[in-house]
Visitor: 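If you scroll down you'll find the structure; I have some questions about it.
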Amino acid sequence: MGNELVVRKSSLPAAQKVCRAAQYVRMSTERQQYSIQNQAAVIAAYAHAHNLTLVRTYRDEGESGLLIKNRAGLIQLLEDVQAGEADFAHVLVYDVSRWGRFQDVDESAHYEFLCKRAGIRVAYCAEQFDNDGSMLASIVKNIKRVMAAEYSRELSAKVYAGQCRFARLGYKPCGKVGYGLVRELVDEKEQSKGALKKGERKYLATDHIRVRPGPPKEVAAVRWIFSRFLEVKCETVVAWELNKRKVPTRTGKPWTRVMVGAILRDESYIGNLVFNRRSWKLRQIRSYNPPEQWIRAENCLEPIIERAVFTRVSKFIQERRVDLTEDEMLVRLRRTLHKEGRLSISIIDRTPGLPCVATCQTHFGSMRNLYRLLGYTPKRNYEFLELRPLWSGQKVELAAGIGAAVRKAGCRTSTGGWTDSLRVNGTTCVSVRAARWTPGKEETHSPHWTIQCDAHVPAGWIAAIRLSEHNEAVLDYVLLPTDGRVKRTIRFSEAARERRSIVSFKTPDALVRAITRRLTKKNRASRAMPAPMSKLPKVAQPKAKNGPARH
């Protein structure tokens, strides 16, 4: 290479930068009167009148001026200015409102000060004052910033009032619709103009949006979710069965208990439209509104679920969650103890009107402390509940290590809607559990270990952290296969472990390597197997004489 002169942006002479300018343009919506083209035309005229050359454009299209976090153009402009990479001495903006409608006017001034400190002047081309730092310019500019912020507040109040009015009429003002539902665009005569896809919205003021049932497969899935929940009373089980049936979600992600719970609580499926449950005014703070502020339009949609079924589901969910004082909790627990003659985790969780076990632990510290307050001495040892935080974090780390190693080996992983579990290639599940130490009932009996499993644990392997005496430390790690029909509780002693071929490992790395070898071996074997009969081409069969064949 020779000694050629290389011109860089940051090394331009100061005299050359004086005549160079960058423009910043912003448009909140596609229908806004301050379009990018209109702003650019005014800025170009201002640059021509002041003998400036536009060398760079920063733009934000479809972004509100309330916050800066989503305005990539303004963020890039400030980064270039602060890093000293700006090859211009002026920033031209259409007006004060295009710079931003920040609710705190000091924030708008701060961003302009960053440019001023770097020697770059900000000019508002369509304003009637010259931003030259004079007292008059400072006063007018600050008033303009206040007016820009107040405009957003007034517009927000007007839009909110309009949304509430249309919600009472049964229209969908904004937001997404639930699974199995679609948004339908209707005109002023309630004539359908077609369904709106994701990201689409109405453009005519006379048009409105209704909600109607969506694809038949999604509608059937919603009905199955409600009926299945009434049988199993558990969102997690429903999510796992949906993933097992390969029922797709709209996002392509696996079903989770949160998704199922949202469907079970949505009144849209019985024909009601509920609005204003949450607020996010001026994009400041998301808040949940009290029920008395909700706007409910009843029987304005075509129902998917029978009202009696929805009522049964809602009643169970409401009774399962109880907001009580600690004194009332103790009163109800004593009443249940007197009725049942004993207390246990299963009794507390299945009894309507009682707080769940997690709530009891939050309020009273531990189950042992709760039993002490009730004057109840259980036969079962609950020391493991107090020591759960010691090994719960290790379960998460072990599950993460297994997932990383399996993905590195070329396998696909997903959660499948289960906690501390990993589904590999959509077929095999690796569940991470803790094997708790339990002393023998008598002095002659040896201790054993207990693994608590979720209902319907899928086929695969259970990787368990085996705890030492009194569950105070980790003894080793065990790996045992499961065929999907295991009980809720697995118990084994040291002798039974050897007899049942439950492999133990001294370190978590050794366990991870063993699981990875088994999964990759199974993956290679499944690829080498011939296609099942269901995948082979079908051969035409002669029709039966006495009617169709029964399956």
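Just the heavy atoms: all of them, side chains too, but no hydrogens, waters or symmetry mates, feed the values below. Just so we're clear, the structure is a prediction, and the values are computed from it rather than from any experiment.
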Visitor: Below 4.5 Å, heavy atoms only, C-beta onward: do Leu475 and Trp449 meet side chain to side chain?
Guide: yes
Visitor: Under the salt bridge (Lys or Arg N to Asp or Glu O under 4.0 Å) rule, what pairs show up with a residue in residues 507-518, not counting sequence neighbours?
Guide: none
Visitor: Between His448, Arg466, Glu498, which is the residue that forms a side chain to side chain contact (heavy atoms under 4.5 Å, CB included) with Phe492?
Guide: Arg466
Visitor: Looking at Arg332 and Glu328, does any basic side-chain N land under 4.0 Å from a carboxylate oxygen?
Guide: yes
Visitor: Any salt bridge between Glu241 and Lys244, counting N to O under 4.0 Å?
Guide: no
Visitor: Tell me if a side-chain donor or acceptor on Asp80 pairs with a main-chain N or O of Ala86 at a distance below 3.5 Å.
Guide: no
Visitor: Counting only heavy atoms not in Lys233 (residues, nucleotides, ligands), do more than 12 fall under 6.0 Å from its NZ?
Guide: yes
Visitor: NZ/Lys198 to NZ/Lys176 distance, rounded to the nearest 0.5 angstrom?
Guide: 5.0 Å
Visitor: For Glu218 and Arg250, what are the C-alpha separation, side-chain angles and deciding distance, and is it a salt bridge (Lys or Arg N to Asp or Glu O under 4.0 Å)?
Guide: CA-CA 10 Å; Glu218 292 188 3; Arg250 288 186 172 178; 3.0 Å; yes
Visitor: Would Thr325 and Asp327 count as a side chain to side chain donor-acceptor pair (under 3.5 Å) here? Give the steps.
Guide: CA-CA 5 Å; Thr325 62; Asp327 293 338; 5.4 Å; no
Visitor: Does the Asn425 side chain pair with the main chain of Arg412, one donor and one acceptor, at a distance under 3.5 Å?
Guide: yes
Visitor: Counting only heavy atoms from other residues, nucleotides and ligands, does the tally under 6.0 Å from CD of Glu200 exceed 12?
Guide: yes
Visitor: Are more than 12 heavy atoms from other residues, nucleotides or ligands located less than 6.0 Å from atom CD of Glu340?
Guide: yes
Visitor: Is it the case that the side chain of Arg497 and the backbone of Ile502 share a donor-acceptor pair, with hydrogens and angles ignored and the cut-off at 3.5 Å?
Guide: yes
Visitor: Distance from Ile305 atom CD1 to Tyr269 atom OH, nearest 0.5 Å?
Guide: 8.5 Å
Visitor: Working to the nearest 0.5 angstrom, can you tell me the gap between Tyr376 OH and Arg342 CZ?
Guide: 6.5 Å
Visitor: In chain order, what residues pass the side-chain hydrogen bond (donor to acceptor under 3.5 Å, both in side chains) check against Glu267, with sequence neighbours excluded?
Guide: Asn272, Arg296
Visitor: Please state whether the rings of Phe310 and Phe226 are parallel, tilted or perpendicular, taking 30° and 60° as the class boundaries.
Guide: tilted
Visitor: Answer whether the closest heavy-atom distance between the side chains of Ile348 and Met367 falls below 4.5 Å.
Guide: yes
Visitor: Counting N and O atoms only, with roles assigned by atom type, does the side chain of Asp60 sit under 3.5 Å from a partner on the main chain of Gly73, one being a donor and the other an acceptor?
Guide: yes
